[in-house]
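One structure below.
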Amino acid sequence: MRGSGRFLDNTMKVDWFFLLLVLLLMSIGLTLVYSATATRETIWYQSLWFHQGIYFCAGCILAMFIALIKIDYWKKMAWPFYFMVIISLTFVALGGGDSAKGAGRWIDLGFIRIQPSEFAKIAYLLAISSWLSVHPVSLIRLKSLIVPGLIFIVPFLLVLKQPDLSTALVFTAVTLVGFYWAGLTLIDLFILLSPVFSVLLSYPQIPYSQILWGLLITAVFFVLIKYHYPKKLTILFLSLTIISGYASSMAWNSLEDHQRSRVMTFMDPMRDPQGEGYQVIQSKVAIGSGGLLGKGLGEGSQTNLAFLPEEHTDFIFSVLGEQFGFLGGFTALTLYFLFLWRGMSICRLHLDPFVNLVVAGACTIFLFHITVNISMTLGMMPVTGLPLPFLSYGGSFLLTCMMLVGLLVNMRYQGSQLENNYKN
Amino acid sequence: MLDSVLKNDEKQDRNFKILIYIATVAIVFLALAGRLFYLQYIQYEENFQRSENNRMRRIVLTAERGSIFDRNEKVLVRNRPSYQIAVLPSELKNRDSVFQRLLRIKDSTGARIFDSASVDTAFQRSRWIKHGFLRILEDASPEQVSIIEERSADLPGVVTLVESRREYPYGTMAAHVFGYTGEVSEEQLDKEEFKNYSLGDRIGQKGLEKEYDHEFRGTDGVKFIEVNAFGREVGLIQGMGIQEAIPGYHMVTTLDLELQRVAEEALPDSVRGAIVALDPRTGEILAMVSSPRLDPNIFSLKRRERNKGWAEVALDSTRPLTNRAISGVYPPASVFKLITAGAGLENGFLSRHSYMPKPCTGGYQFGSRYQKCWGTHGRLDLVNAIRLSCDVYFYQAGLAIGMERINEFGERFGLGSILGVDIPGERGGWLPDSASFNARNKRNGWRWARGLILNLAIGQGQLVTPLQQAVMVGSMATGKGVYRPHFMKELRSFDGKVVRRYEPVKIHEGQMSAETHQILLDGMDSVVNHPGGTGRRAALPGIRVGGKSGSGEWKKGEKTHAWFVAVAPLEDPQIVVAVIQEAEGGGGAKSAPICRKIMEQYFFGSVEDEEKNKKEVLP
């Protein structure tokens, strides 16, 4: 049976394949940070790639520690963590934080500066998983969504106020996947999200938006009837979808011109070629000029990437694309895919819904960051500040990633004896 | 058995979810890979050409910093063009040969233009700083610029820039008021309030330049240009537009250039001290001098000379960097007797005809201690005690009134706390009473004793700034409250529109009875205009000047600090002048004449002024 420690698990086996993937991604990241920033002249221990390496080592130790802690302990600690994070997010939201670098997101403890929204990702993941693992949700029993909705909305709004839209959207993604795992079907999710789709379709830049909106209403109606949703629910979601569509187009029209243009620039950076669009143009040119095999390590950055101020953080994928071409970009995507696949396969080994929810949520956090960041560098999505896991320079986020890796390693073999019993 | 079936169902359901999840990931990643392929294979030629020809450069158009004018719109601080020779990291190729060539370039006198250390530093930094310019020669002469321009073909990545630098045409005049500009430091850049600044920006580091940096600064613009292989501008990029810089605001100050000039001349660099002249009705500061001075122009020079000049002023033991008028704290000395007298009158301890129990016999016996007076004055009433500045009279008055009441009266006129003048570095001074004295001296164990009142009643022991001293006497003379002293009169946009005007702010009521007010005015009058008054040298024919002298003791055996504060005309005070000269002797003898000179300029001007009065009008 399991080890005798009070909260440490000492029957640990380690998923070496998974760790190898992390190590490969990390070494690509360090190489890119090195080529984007380091030079012969900088003293090596002051260079950014070395800092990043230090953070990686610290992250490994943290991950190891996390991997050793028993799952039960995580279940118990989920709520204290969650409330601690809520308190610190509130503290930051009320302006108590140190507002370095634009938005007020940091708490300065003197010896270390904490960015609570980073820890919030993990604490929220544990909390929502802990709740959903014992309280399955169902669209037909709308009440079952109230408590998880509250658990979600509080940190969501607090992070949104910072303002940090992209982190707030990370919470949303985790929540949706959690709901899926805890009982909602894909159809349920479609119905649940239909008001959101309706709002998005009211955005005037979308071609044929009115026709599409009509189609959406029809589809919602059809689905609600076809799958025999209760009448109340049908009326509720149909009217919600219609009202939210009208309300948002009214809200859109009541916006001041400059506010509207800010939203439009966010959605389409090319509208502002001097500001954010400038970065996206440069990023696309950098990646495209890499060709199939790239210009080679350290090449190209002098001419092209000199125009990218954030090349080693948010736009690291552009460095990869320019220097290693399609080969490099595709390799990174493949490694990420294997990483997520290997991560998700943990779910097969466990019946414990808590483990399932945590694993799916952790993978979603990674997936969301990867997708949003790479799409941004390819000019497919708005410019948000989401970094690329293991590749972007940045200490706090790397620590978060390593903690998630620790959780995943932890959950792979711990308690999976259940599975063995079941096989026999 | 049933259990196993249930688990089987659950397992299938879960595997289906995993499948959906992985399929979603696969679709998303395929889309990303497709886009990657599109950019890197199908659009490769186009993108590659664009990157090869990517000679687009983002140029920040630095906004012109606003100028500073005196109250008559004569220019006090302006900008001058300054040529910079810099390297552009992204264009720098063949570093070693360019480096060698640069060092070989000589001007017509045969001297090397560049010094190897600064070129070397810039080249080192250019390897990791890829944005903006790295200067290798600041403030280049026109000759140097033309030499570099001639050889530009051999020097790819080396460019000349025109920047505008601050110029203080009157040199050290009012240097402490203006402050100076310097490059924004990296520590500053880390802070929230500097988030709109970037490395290399010049920023006000002291005085008005710092306080109103945001207003002077304007808004930088940006343009996108295309450059040729040598890094020279070829033209604007089509479709990227240009965002013009908006120049910063000009400031019309309350300073009066001619008055400032007279004040500066009255206090040479060899004397340590300060002068403040202001209008007590509004708080407008007309002149402010702190001596010794510094020349703010050194901060606009090239790095090496700047560092040298900085080292000189920073290490000077007379501390020329300190603005003594607002940051220097001194004992108020006998000027404080006005406060003691006022507190006595307000609290019913004194009246116009109060005589003290003991006449002045040249000193006063308090317990075992014998406190001297500076003269022998005999039996005096209050006005005459002020006129002669008799210590013995005020020893006894102070003992009767008590420090709490005296300090409370002082606070009504702005003593003991900062006044909020609009340049940084102001100090608030200190008015001790038994509680604050004990608190302050906790560590060295001194305790409050009644005998200390003797010193405090005549102003030895408190700390005030020259600015506070001027504001105190000025507001006491007007009797209409204390107005916040300030330099900013108006801010104007570059096209001359007034965007902000300083409205006078009353910070203390300065309340006292009409009787008290009149007695204090009579006291100040007698100091200057009556025989034997200590401030006779401040008298100005035709104008009724009032004032009070002070001789601050600060160290045994040294000459006293010479204070004089004058206010005029007493019927309707328009100007108050406070002068302090450190360790120069008696206030009446040394500082009263300076007050007189400044008042004379204020009321009568001088003939030469008319010629100098050619206005440099605002645009």
Side-chain angles (χ1 to χ4, degrees), chain A residues 37-42 47 98-102 104 177 180-181 186 273-274 278 282 284-292 300-307 309 311 321-322 325-326 329-330 333-334 336-337 340-341 344-345 347-348 351 356 360 363-364 367 370-371 374-375 378-380 422, chain B residues 4 7-8 10-11 14-15 17-18 20-22 24-26 28-33 35-52 54-58 88-93 123-125 127-128 130-131 190-192 195 222-224 237 239-243:
Chain A
T37 61
T39 63
R40 201 153 41 91
E41 276 75 19
T42 328
S47 57
D98 181 5
S99 46
K101 307 244 160 89
V177 171
Y180 182 49
W181 242 257
L186 288 177
Q274 299 176 349
Y278 179 73
Q282 296 299 335
K284 276 162 68 182
V285 170
I287 291 174
S289 68
L292 288 181
S301 58
Q302 288 289 321
T303 58
N304 212 331
L305 289 174
F307 296 98
E311 54 183 330
E322 185 181 30
F326 183 72
F330 193 76
L333 281 174
T334 312
Y336 278 129
F337 180 77
L340 292 173
W341 172 75
M344 283 307 288
S345 71
C347 291
R348 286 177 195 277
L351 272 185
N356 270 267
C363 288
T364 305
L367 174 66
I370 296 164
T371 313
I374 295 182
S375 312
L378 295 174
M380 297 162 79
Y422 163 62
Chain B
S4 172
K7 279 185 176 168
N8 226 347
E10 236 176 275
K11 196 187 172 192
R14 205 184 48 212
N15 287 352
K17 282 176 175 162
I18 296 169
I20 293 282
Y21 192 101
I22 291 296
T24 315
V25 176
V28 169
F29 278 27
L30 277 177
L32 294 178
R35 173 76 172 179
L36 204 57
F37 188 72
Y38 174 74
L39 286 176
Q40 296 189 312
Y41 186 73
I42 297 171
Q43 281 200 330
Y44 171 67
E45 281 304 318
E46 195 187 324
N47 277 324
F48 186 74
Q49 280 312 315
R50 277 181 77 182
S51 88
E52 281 300 290
N54 201 339
R55 307 219 165 266
M56 181 153 94
R57 191 174 295 151
R58 186 171 186 268
L88 268 172
S90 54
E91 300 292 328
L92 200 53
K93 298 194 177 93
F123 273 53
Q124 300 276 357
R125 292 179 74 201
R127 293 183 191 257
W128 51 281
K130 291 170 185 166
H131 297 273
D190 285 343
K191 293 185 192 150
E192 166 73 6
K195 68 174 177 190
V222 63
K223 70 173 177 181
F224 293 84
I237 303 252
M240 294 294 276
I242 179 166
Q243 202 179 313

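In what follows, chains carry the letters A, B, and so on, assigned in the order in which the sequence lines appear, proteins first and then strands, with residues in each chain numbered from 1. All values reported here derive from a predicted model rather than from experimental measurement.
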Is A/Leu367 close to chain B through its backbone or its side chain, or both, or neither, when contacts mean heavy atoms under 4.5 Å?
side chain
Quick one: what part of A/Thr334 sits under 4.5 Å from any heavy atom of chain B, side chain, backbone, both or neither?
neither
Would you say B/Arg35's side chain and A/Met380's backbone share a donor-acceptor pair under 3.5 angstrom?
no
Within-4.5 Å side-chain heavy-atom neighbours: A/Ile370 and B/Phe29
yes
So which of A/Gly329, A/Gly290, A/Gly325 has the biggest tally of heavy-atom pairs under 4.5 Å with chain B?
A/Gly325
I'd like to know if the side chain of B/Arg14 and the backbone of A/Cys347 have a donor-acceptor N/O pair within less than 3.5 Å.
yes
According to ring pair (Phe, Tyr, Trp, His ring centres under 6.0 Å), who are the partners of A/Tyr180, at least two apart in sequence or on a separate chain?
none
With sequence neighbours left out, write down each residue that passes ring pair (Phe, Tyr, Trp, His ring centres under 6.0 Å) with A/Phe326, or none if nothing qualifies.
A/Phe330, B/Phe37
Residue from A/Tyr336, A/Trp181, A/Trp341 scoring the most non-hydrogen pairs under 4.5 Å with chain B is A/Trp181
Where does B/Ile20 contact chain A at under 4.5 Å (heavy atoms): side chain, backbone, both or neither?
side chain
